[in-house]
Amino acid sequence: MKRSKRLDRVPPYLFAEIDKLKAKAIKAGKDVISFGIGDPDLPTPDPVIETLVKEAHNSANHQYPSYEGMLAFREAVAEWYLQRFGVVVDPETEVLTLIGSKEGIAHINLGLVDPGDTVLVPDPGYPVYEVGAILAGAEPVRFPLSWEDDYRPDFSKIPAEAADKATFMWLNYPNNPTSSIVDITALEEAVAFCKQHDLILLHDAAYTEVYFDADHRPLSILEVDGAKDIAVEFHSLSKTANMTGWRIGMACGNAEVLKCLGTIKTNVDSGAFQAVQHAGITALQLGADVLGGLRDTYRQRRDLMGKYLTEMGFKFHMPKATFYFWVKTPGGMNSAEFCKKVLEECAVIVTPGTGYGPAGEGFFRMTFTLPEARIAEGMERLKKAGITGGV
Ligand SMILES: *Cc1c(COP(=O)(O)O)cnc(C)c1O
């Protein structure tokens, strides 16, 4: 059978080895605890489900939606951006509904780049930035984020020729996998750098609502003056409102860039189910009681996992946002080896940092999308097996 050359360029799935060992452990009857999955375990809030049920019964929602999304959803997004970030976006031209933000993050490449073009992607980073470029025939060029800088971008480390040649740059704060957040200065530098090098700036903001401290509320790139000249921000209700399975997200910002993405979408998909968009409106209007409750739960879990990691001597930065710990392997041990050891000896899954790029070597990622009792049990298993942050 013939298959496309572009598929040959997709990097090998780095978690295949872990998946195999996991299947083996489950088959052997072991109770596997996964700190590997970045998917909220808590249910979608009831009001969102109630809206879906009601709107699913309305036959007006049963036909093809519009590719750019219902105006009512885009208006709710604009209102949310105004309330949450103090940012004005025009719902008609500066907001696009997505079938989950991953869809837009991959498809934007088809609207902006051609074979031979390059795009700048952070290392470590969410793998879709790189694969999206590859599927469009373009070349991802990695720029490093480092532990020493707390994973804030250091634009002086990006060669000017690479920046001049590239079409766009990806940034992602709060960051997966490192949980790093940035202040307005870093975002201002990003906008200035991209303007200087004639780059489009694409910001993935999926985790702005998963924060733990009202003094460190994550920012939107669109809060930077003049950002809209060059920037588009990808957002999603997946992590904000425990809606990963619902597939609803949005892109906001530069109208010309959004038009390119919209043209791809009209030809590839027919938009998100309208009942889901109605439910999305409810999710965007959830009160501080619901979202604050979710944050409290995550904060308690974070504190518990952080307490264990500290006691065990691991090196990490305490997350201010996201549900990830990004941790140094003991003695700089190889990431894949370390994760294999933890799975084989403890039936606990942690993710090798190298799954997010070469700069992830020497690190592993742990998620706390599990009840506290399971977090404690997993950490106790590591302790008992003598796995600590020391050599
Ligand atoms: C989870 C996640 C997304 C959001 O994915 P959806 O397609 O909206 O569910 C985007 N970016 C990053 C970095 C993520 O971790």
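Heads up: numbering here begins at 1 and tracks the sequence. Every value quoted in this text rests on a predicted model; they were computed, and no experiment measured them. For ligands, and for the atoms within them, numbers begin at 1 and follow the listed sequence.
- Residues in residues 159-169 take part in no salt bridge (Lys or Arg N to Asp or Glu O under 4.0 Å) pair, two or more places apart or across chains.
- The side chain of Ser238, and not its backbone, has at least one atom closer than 4.0 Å to an atom of ligand 1 (non-hydrogen atoms only; side chain from C-beta on).
- Closest heavy-atom approach to atom 7 (O) of ligand 1 among the candidates Arg247, His235, Lys239: Arg247.
- Near Ser236, with a cut-off below 4.0 Å to any heavy atom, the atoms of ligand 1 are 6 (P), 8 (O).
- The only option from Phe325, Trp147, Trp326 that meets the ring-ring contact (aromatic ring centres under 6.0 Å, His included) definition with His317 turns out to be Trp147.
- Counting heavy atoms under 4.0 Å from ligand 1, residue Tyr207 touches it through the side chain alone.
- Evaluated by nearest non-hydrogen atom to atom 5 (O) of ligand 1, the leading choice among Gly245, Gly249, Pro40, Ser101 is Ser101.
- Between Tyr173 and His203, the two ring planes are parallel [angle under 30°; tilted spans 30° to 60°].
- No donor-acceptor contact under 3.5 angstrom links the side chains of Tyr67 and Lys265, judged on distance only.
- Here the two rings, on Tyr207 and Phe323, have centers that are under 6.0 Å apart.
- Listed by first and then second residue, the side-chain hydrogen bond (donor to acceptor under 3.5 Å, both in side chains) pairs that reach into residues 122-140 are Arg9-Glu139, Tyr129-Asp204, Glu130-Arg142, sequence neighbours excluded.
- Between Tyr324 and ligand 1, not a single N/O pair is under 3.5 Å apart.
- Between Asp204 and ligand 1, a contact under 3.5 Å exists for at least one N or O pair.
- A donor-acceptor contact shorter than 3.5 Å links the side chain of Arg74 to the backbone of Gly69.
- Annotation for ligand 1: atoms under 4.0 Å from non-hydrogen atoms of Lys102 are 6 (P), 7 (O).
- Annotation for ligand 1: atoms under 4.0 Å from non-hydrogen atoms of Gly100 are 7 (O), 8 (O).
- In Asn172, the part holding a heavy atom less than 4.0 Å from any atom of ligand 1 is the side chain.
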